[in-house]
Amino acid sequence: MAQSAEQIVVTGGWPLNGTVRIPAAKNSVLPLLAAALLCQRPVRLRGVPRLSDVECSLALLRGAGCTAQWQGSDVALSGSPVQSTLPGQTAAQMRASILFCAPLLARLGRAETVLPGGCRIGSRPIDLHLTGLARMGVQELDAGPGRLVLLAPSGLHGAEITLRFPSVGATETLLLAAACARGRTVLRGAAREPEVADLADFLNRCGGSVEGAGSSTLIIEGRRALGGCVFSPLPDRIFASTLACAAAAAGGRVELTGCSPELYAPVLEILAQMGCRVERGGESVQVARFGRLYGAGRVFTGVYPALATDAAPPLAAAMLCAEGESSIEDVIFERRFACAEGFAALGGRVNTAGRVLHIRPGGALRGTRLSAPDLRGGAALVLAALAAQGRSQIGGVAYLDRGYADFTEILASLGARIYRETKPA
Ligand code: EPZ
């Protein structure tokens, strides 16, 4: 990703105090925007965060021939796709462009896009998407490296598919393909993430027939066409996890509203074991840390409902501030902890071995120059800088803008000494 000329400046050592309402989830909004390609009636998504990945998705929808526009914090979508080739420059900016292929195949019988190279957190293959689509009548043309051309010459038909791994994206691709395929699809080994259930809820609200969302077996009766609806995407459990970890790292007390604690229970449980005071409400959580933090011992990520891989870097930032040892193993992505380099530059006593990040106590964190290696790693470096003594400058802000709207403003509203600036020449 091109390095923007902006940087985030943090003066650490200040506790956080205040309340934040959690915005809608990036990882729900993106598949919902792709799903809108299936809808023959207007769609309105409420309270959509202003993220660069959302802007990229709106550009893909417009490139396909749909109307997509902001109306306040809502996104209004209408029109049907007429162009099966997604704009290459735009599609190459995010992994989630793959999600737009299944709806184009359902509506136009063809989909063409470009696929970005593997990003820092892993190779990000799409074999599970493609083998599932092949079972539903899709053929892949040899389009050369980085390009993907898919055809459904006889349209999409239902199938019985078992995923060897509960891939979130593959589950969403096959859900989108099955929604308007001919006949029934049974998808076993499906991802159980809440964002998948949100997509199923949206499709059902548009007249679709999806059963079993949230479980590992989805049963979808294909519909000839879907209508539209007004829909509020679910809150962002990863944004909530990030702010909970910020409170643990910087100290103070933060109340997070509008997001059920159930959606990020593992993070909250680990923070409580580390010494934070966690008070759960129906749709809110208070996370407070005024004393010492204890090490968390061995921690593993996993597929939902286990600890989310995306929450691992922010959690590691909190672990940097603990007086005992911690380790996190990310079983989902092979290069999740590129942020370890930044942690070490701050003075953290860290090392990575394969998928495991080891964190030892005693590293006095001191501000320094840092660069975000990816979206969640960048957020983790901001959190670690909040806990460091002195001033840090964090580049690679464009990564953060992909997944955290108003991140510095929200942290500043909680009392952090943080702002964005254009890098001095
Ligand atoms: C989604 O990515 C999220 N992105 C990711 O969030 C999240 O980390 C991930 O799910 C896991 O929860 C969006 O929803 C837009 P996967 P996705 O397919 O769908 C392997 C963020 O920071 N795999 O569940 O790409 C893959 O290599 C992003 O917001 C295959 O082998 O994740 C990985 O090891 C990062 N073949 C594992 O499955 C495939 O065809 C999980 O990938 C697909 C995936």
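Hydrogens, waters and symmetry mates are skipped; everything else that's a heavy atom, side chains included, is used. Note that ligands are numbered from 1 as they come in the structure, with each ligand's atoms numbered from 1 the same way. Count residues from 1 along the sequence. Quick caveat: nothing in here was measured; it's all calculated off a predicted structure.
Ranking the protein heavy atoms by distance from atom 8 (O) of ligand 1 puts Asp310 OD1, 2.6 Å first. The protein non-hydrogen atom at the shortest distance from atom 24 (O) of ligand 1 is Val168 N, 2.8 Å. The nearest protein atom to atom 18 (O) of ligand 1, hydrogens excluded, is given as Ser167 OG, 2.7 Å; this is a heavy-atom distance. The protein heavy atom nearest to atom 32 (O) of ligand 1 is Phe333 CZ, 3.9 Å. The protein non-hydrogen atom at the shortest distance from atom 34 (O) of ligand 1 is Ile332 O, 2.5 Å. The protein non-hydrogen atom at the shortest distance from atom 3 (C) of ligand 1 is Asn27 ND2, 3.7 Å.
When the heavy-atom distances from atom 43 (C) of ligand 1 to Gly377, Gly122, Ala170, Pro125 are ranked, the shortest goes to Pro125. Selection from Arg336, Arg124, Arg95 by nearest heavy atom to atom 25 (O) of ligand 1 gives Arg124.
You'll find the side chain of Leu61 reaches within 4.5 Å of the side chain of Phe100, heavy atoms only. With a 4.5 Å cut-off on side-chain heavy atoms, Val10 and Tyr419 do not count as touching.
Residue contacts with ligand 1, taken as heavy atom pairs separated by less than 4.0 Å, involve Arg164 solely via side-chain atoms from C-beta onward. Both the backbone and the side chain of Leu128 come within contact range of ligand 1, each with a heavy atom under 4.0 Å. For Asp127, heavy-atom contacts with ligand 1 shorter than 4.0 Å involve the backbone as well as the side chain. Contacts of Glu334 with ligand 1, taken as heavy-atom pairs under 4.0 Å, are absent altogether. The proximity of Ile121 to ligand 1, defined as any non-hydrogen pair under 4.0 Å, is limited to the side chain.
Applying the 4.0 Å criterion to heavy atoms of Lys26 picks out, from ligand 1, the atoms 21 (C), 29 (O). Proximity to His129 (heavy-atom distance under 4.0 Å) selects the following atoms of ligand 1: 40 (O). Within ligand 1, the atoms closer than 4.0 Å to a non-hydrogen atom of Arg376 are 21 (C), 22 (O), 29 (O), numbered from 1 in the order shown. Of all atoms in ligand 1, listed by their number and element, those nearer than 4.0 Å to a heavy atom of Ile126 are 39 (C), 40 (O). Near Leu375, meaning under 4.0 Å from one of its heavy atoms, ligand 1 places the atoms 22 (O). If you number the atoms of ligand 1 from 1 as listed, the ones under 4.0 Å from a heavy atom of Phe165 come out as 37 (C), 38 (O), 41 (C).
At distances below 3.5 Å, at least one donor-acceptor pair connects side-chain atoms of Asn204 with backbone N or O atoms of Val210.
Across every non-hydrogen atom of Pro103 and Ala34, the tightest pair is CG-O, 3.4 Å. Between Cys39 and Arg107, the closest heavy-atom pair is O-NH1, 3.7 Å. The two atoms that bring Ala244 and Leu268 nearest to each other are CB-CD2, 4.3 Å, heavy atoms only. Closest heavy-atom contact between Tyr304 and Glu262: OH-O, 3.6 Å.
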*Quick one: do Thr309 and Arg336 satisfy side-chain hydrogen bond (donor to acceptor under 3.5 Å, both in side chains)? Show the steps, please.*
CA-CA 8 Å; Thr309 170; Arg336 170 54 80 184; 2.9 Å; yes
_side-chain hydrogen bond (donor to acceptor under 3.5 Å, both in side chains) for Arg376 and Tyr404? Distances and angles first, verdict last._
CA-CA 9 Å; Arg376 306 303 176 183; Tyr404 294 96; 3.0 Å; yes
*Do Gln273 and Glu269 pass the side-chain hydrogen bond (donor to acceptor under 3.5 Å, both in side chains) test, and can you show the C-alpha distance, the side-chain angles, and the key distance before you say yes or no?*
CA-CA 6 Å; Gln273 288 169 14; Glu269 185 52 40; 3.2 Å; yes
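Note on Asp74 versus Arg46: salt bridge recorded, some NZ/NE/NH1/NH2 to OD/OE distance being below 4.0 Å. Electrostatic pairing of Arg420 and Asp401 counts as a salt bridge here, judged by a charged N lying under 4.0 Å from a carboxylate O. Taking the charged nitrogens against the carboxylate oxygens, Arg164 and Asp127 do have a contact shorter than 4.0 Å, which makes a salt bridge.
For ligand 1, the polar-atom distance check finds an N/O of Gly169 within less than 3.5 Å of one of the ligand's N/O atoms. Considering both main-chain and side-chain atoms, Thr309 never comes within under 3.5 Å of ligand 1 through any nitrogen or oxygen pair.
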